[in-house]
Amino acid sequence: MAHDQPNKNLHMQDSSTEFSAPVRALSHKGHGVVTHPDGRVLFVKGIWTGEVGRFRVSDRAKSYDNAELISLQERSSDRVTPPCAHVETCGGCPWMMVNEDAQARAKEQRITFLLDKNGIAVSERRPLLRSPDFFGYRNRAQFKTDGERIGYVSEGTNDLAPIDDCLILNPSMREILKGLRAQLPQSVWRPVGRFPWSFLDVDDQQTLKDVVPNQRRPFRQGNSAQNEQMKAWITKTLQDVAKDAPVIEAFCGSGNFTEALVQVGFKHILAAEVRGSAIEELRAKQMAGVQIMEINMSEKKVWQQLARQNPKARVLIVDPPREGLEERAGLFESLPLLEKIIYISCEPTTWARDLKDFQKSGWKVAHLTPLDMFPHTPHVELLTLLTR
Ligand SMILES: C[S@@+](CC[C@H](N)C(=O)[O-])C[C@H]1O[C@@H](n2cnc3c(N)ncnc32)[C@H](O)[C@@H]1O
């Protein structure tokens, strides 16, 4: 009998109903959070806290957790007209529709929320270090191309969103993008793998002829001015530490922070990294007093292995990827002389998880400076000092 079966049509009909609601908050991806009349919590792109909108849950929204904005019924005074023509299709700058102060406030609010939720006490918290350039700051990008068009892939899809320019790129990168566009159509960029595009990892230290499709480049901090601020923060934070104190720097990449540590006089640094290409670049720098260790920081007993090389480490610096410190077991037991930990994070959720653990082990967050690495996105970098 028909009514013995789950009625899929009824679900589709129900879920495509339009509704109006206020935006209660922003999600960790920076989307508006609204409540459907049936009680479901849904996420909506292109809307800001405090605004009221008319929404629709539809297949086009890709997931039943998402709704689409049909019209704005109450508009935030923080709204601005995004200067980028591709803002909706590209999706890389989901916050470009609000002003700089509103973006900064939202980043600060997310940190406060996570600190409160996890019961983390911070002795000294500085305001968000803003990017000197609100536009034109990005020194690297990963473009996608099918050989006919070039652009980015919209979040949560495999759809290529072509662009003719990108306003968050710095002037050199915009020139490179122009040069790449001039090469279209380009048969060597046609997709070969499982995705309908090839990727072009590009940064402003390259020339056009060095761009090779589908070849990842070692990690590089994406905003050069903010990278300088990060390095200055690290050296200032460690200014009172004796320069003969042994240091472990985990997730060191190609030695961006290592160079700053060497420059201020640290003489015993164990620099740990997993990616071969980053290690090659690090080795090529031939820094005195730096011992390089190729190691996967997610492995069991990783801290014991680091401690064997540098058992008297007094300073630990970690700058992990979004996953945070996945392997934390044995850290404090293996390194009993640690006095200071600098934790740089690009993902507040895993950062809060890890700080909560550190706090349980008797460490306190002595200082926090959040930094805006990528304006127009919800991304926030966290510069943290922990002490015993
Ligand atoms: C956020 S980047 C930081 C790099 C460096 N501090 C810098 O400023 O350029 C994170 C680094 O961790 C490395 N990494 C990622 N997963 C790792 C793992 N499981 N073990 C060791 N290193 C890892 C990446 O290759 C990358 O170089």
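Ligands are counted one by one from 1 in listed order, and the atoms in each one are counted from 1 as well. All values below come from the heavy atoms of this structure, side chains included, with hydrogens, waters and symmetry mates left out.
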A quick test of your reading: do over 12 heavy atoms of other residues, nucleotides or ligands sit less than 6.0 Å from CZ of Phe19?
yes
Taking heavy atoms and a distance under 4.0 Å, where does [X] meet ligand 1: side chain, backbone, both or neither?
{"X": "Cys252", "answer": "backbone"}
{"X": "Ser298", "answer": "both"}
{"X": "Ile295", "answer": "backbone"}

For atom 1 (C) of ligand 1, find the nearest protein heavy atom and state the residue, atom name and distance (0.1 Å precision).
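Protein heavy atom at minimum distance: Asp319 O, 3.5 Å.
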Shortest protein heavy-atom distance from atom 22 (N) of ligand 1, along with the residue and atom involved:
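Nearest protein contact, heavy atoms only, for atom 22 (N) of ligand 1 is Val274 N, 3.4 Å.
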Within the structure, does [X] bring an N/O atom to less than 3.5 angstrom of an N/O atom in ligand 1?
{"X": "Asn256", "result": "yes"}
{"X": "Ser254", "result": "no"}
{"X": "Pro321", "result": "no"}
{"X": "Asn227", "result": "no"}

Just grab all the ring-ring contact (aromatic ring centres under 6.0 Å, His included) pairs involving residues 218-262, residues at least two apart or on different chains.
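As it turns out, the ring-ring contact (aromatic ring centres under 6.0 Å, His included) pairs with a partner in residues 218-262, which skip direct neighbours, are Trp233-His367.
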Tell me yes or no: between the side chains of [X] and [Y], is some donor less than 3.5 Å from an acceptor?
{"X": "Thr145", "Y": "Arg181", "answer": "no"}
{"X": "His86", "Y": "Asp164", "answer": "yes"}
{"X": "Glu381", "Y": "Asn223", "answer": "no"}
{"X": "Gln103", "Y": "Glu100", "answer": "no"}
{"X": "Thr112", "Y": "Arg125", "answer": "yes"}

Salt bridge or not for Glu68 and Lys45, using N-O below 4.0 Å?
no
Find all atoms of ligand 1 within a distance of less than 4.0 Å from any non-hydrogen atom belonging to [X], and give their numbers and elements.
{"X": "Gly253", "result": "4 (C), 27 (O)"}
{"X": "Arg275", "result": "25 (O)"}
{"X": "Gln221", "result": "7 (C), 8 (O)"}
{"X": "Asn296", "result": "18 (C), 19 (N), 20 (N)"}
{"X": "Met297", "result": "18 (C), 19 (N), 20 (N), 21 (C)"}
{"X": "Phe257", "result": "6 (N), 8 (O)"}

Pick, from Arg216, Glu273, Arg220, the option with the minimum heavy-atom distance to atom 13 (C) of ligand 1.
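The nearest heavy atom belongs to Glu273.
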Per the side-chain hydrogen bond (donor to acceptor under 3.5 Å, both in side chains) rule, what does the pair list look like for residues 306-316, sequence neighbours excluded?
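Non-adjacent pairs meeting side-chain hydrogen bond (donor to acceptor under 3.5 Å, both in side chains): Gln291-Gln309, Arg314-Glu339.
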When rounded to the nearest 0.5 angstrom, what distance separates CG in Leu355 from CG in Leu382?
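Rounded to the nearest 0.5 Å, the CG-CG separation comes to 8.5 Å.
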